[in-house]
Amino acid sequence: SPDQQPVNAPGLTCRLVCVLPSLLSSDCLTANIVKSHRETCQYRVEELQALRWKVFSREEVLAYQSKSVEEMWQRCAYRLTDSIQYVVEFAKRIDGFLELSQNDQIVLLKGGSLEVVLVRMCRSFNPDNGTVFFEGKYGGTEVFKSLGCNDLIASIFEFSQSLCALHLSEQEVALFTAVVLLNPERAWLQDKEKVARLHSHVDVAFKNTLQRSHRDTVLSKLSQKTLQLKSLCSLHIDRLRSFLELRPLLAHSLFPPLYHELFT
Ligand code: CLR
């Protein structure tokens, strides 16, 4: 009978028993995260690249520049909020995220959703001419002039430019955004350990994927990016505060509720 056969390949058995399960679980997680990214990334990357020829004309740029600071903030806040909603959906589809307490889900999204949007921005960014996809066409930093925070805009564009230089694949963007989101160092987490466990599973999955495609060097470059993300987000909060301080009454009617909830 089959189970009477001698085991003459102990090495193989060991590999199957010991190595296979760990590889399989990390591959499963990678597949889950890549699928979640694909389903929630708003635009496919091929679509975005095919649209790169659509650039705002001089007249269109001037029209943006002559908008009031309030209108431009409102428009940008709506676009950002819209893309944040896709990030919330991304998070919910990551295995294990919905098993966290509601408090911790909110803490992670509050701290990480804008960071994920800023990473995702590199997919919508054309590094050849420094333009980003915004309201149907590609435009440079000059489109956002009337916001009155050129330093923030310049830093966001520089960040995207430097991220583009890493030529991240869709799989890498998916895994990196999951790593960014599941940051166990966020303040006010109730169960830091549980987040740390989830984070390390994703981290292992990411490292395995990079190793297999001989892209290990990307890892150290991405850890610098994590620091830049943090400072971009605090700069955003700063600029938002100064904007609102001048317009305390306007604040509540201007922005979508979710934008308020996340940043004010
Ligand atoms: C990021 C990737 C998302 C789609 C998307 C939506 C809105 C875009 C955002 C991307 C990139 C950054 C963006 C934003 C709208 C306004 C913002 C262009 C492409 C600029 C940088 C202005 C920020 C102003 C703040 C001060 C509010 O899948």
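Note that ligands are numbered from 1 as they come in the structure, with each ligand's atoms numbered from 1 the same way. Every value quoted in this text rests on a predicted model; they were computed, and no experiment measured them.
Protein heavy atoms are absent from the space less than 4.0 angstrom from atom 10 (C) of ligand 1. Proximity of atom 27 (C) of ligand 1 to the protein is indicated by at least one non-hydrogen atom lying closer than 4.0 angstrom.
Protein heavy atom in closest approach to atom 6 (C) of ligand 1: S83 OG, 3.8 Å. Nearest protein neighbour of atom 25 (C) of ligand 1, counting heavy atoms only, is H236 CD2, 4.0 Å. Protein heavy atom nearest atom 22 (C) of ligand 1, with residue, atom name and distance: I153 CD1, 3.7 Å.
For the residue pair S231/Q228, the side-chain donor-acceptor check at 3.5 Å is not satisfied.
Within the structure, the closest approach of R239 to ligand 1 does not fall below 4.0 Å when heavy atoms are considered. A heavy-atom separation below 4.0 Å is not found between F125 and ligand 1.
Ring geometry for F263 against H236 counts as perpendicular: the plane angle is over 60°, on a 0 to 90° scale with 30° as the lower cut.
Between the Q171 side chain and the V34 main chain, no donor and acceptor come within less than 3.5 Å of each other. Not a single donor-acceptor pair under 3.5 Å links the side chain of S160 to the backbone N or O of F125. A donor-acceptor pair is defined here as one N or O able to donate and one able to accept, closer than 3.5 Å; no such pair exists between the side chain of Q65 and the backbone of S146. Between the side chain of R123 and the backbone N or O of Y43 there is at least one donor-acceptor pair closer than 3.5 Å.
If you look at L147 next to ligand 1, the close heavy atoms, those under 4.0 Å, all belong to the side chain. Only the side chain of L152 comes within 4.0 Å of ligand 1, judged by heavy-atom distances. Only the side chain of Q42 comes within 4.0 Å of ligand 1, judged by heavy-atom distances. The backbone and the side chain of V117 each have at least one atom closer than 4.0 Å to an atom of ligand 1 (non-hydrogen atoms only).
Salt bridge annotation for D216-K207: absent, with no cationic side-chain nitrogen under 4.0 angstrom from a carboxylate oxygen.
When the side chains of ILVMFWY residues are joined at heavy-atom separations under 4.5 Å, either directly or via intervening members, V218 and V204 end up in two distinct hydrophobic clusters.
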Exercise for the section: Could you give me the CA-CA distance, side-chain angles and deciding distance for K35 and D95, then say whether salt bridge (charged side-chain N to carboxylate O under 4.0 Å, His left out) is met? Expected result: CA-CA 11 Å; K35 179 166 181 277; D95 284 340; over 6 Å; no

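Numbered from 1 in the order shown, with element, the atoms of ligand 1 that lie under 4.0 Å from a heavy atom of L80 read 14 (C), 27 (C). Each of the following atoms of ligand 1 lies closer than 4.0 Å to a heavy atom of F134: 15 (C). Atoms of ligand 1 found under 4.0 Å from any heavy atom of F133, numbered from 1 in the order shown, are 19 (C).
The residue from R123, E135, M121 that puts a heavy atom closest to atom 12 (C) of ligand 1 is M121. When the heavy-atom distances from atom 20 (C) of ligand 1 to F159, F243, F144, F255 are ranked, the shortest goes to F144.
With contacts defined as side-chain heavy-atom distances shorter than 4.5 Å, the pair C149/D151 qualifies.
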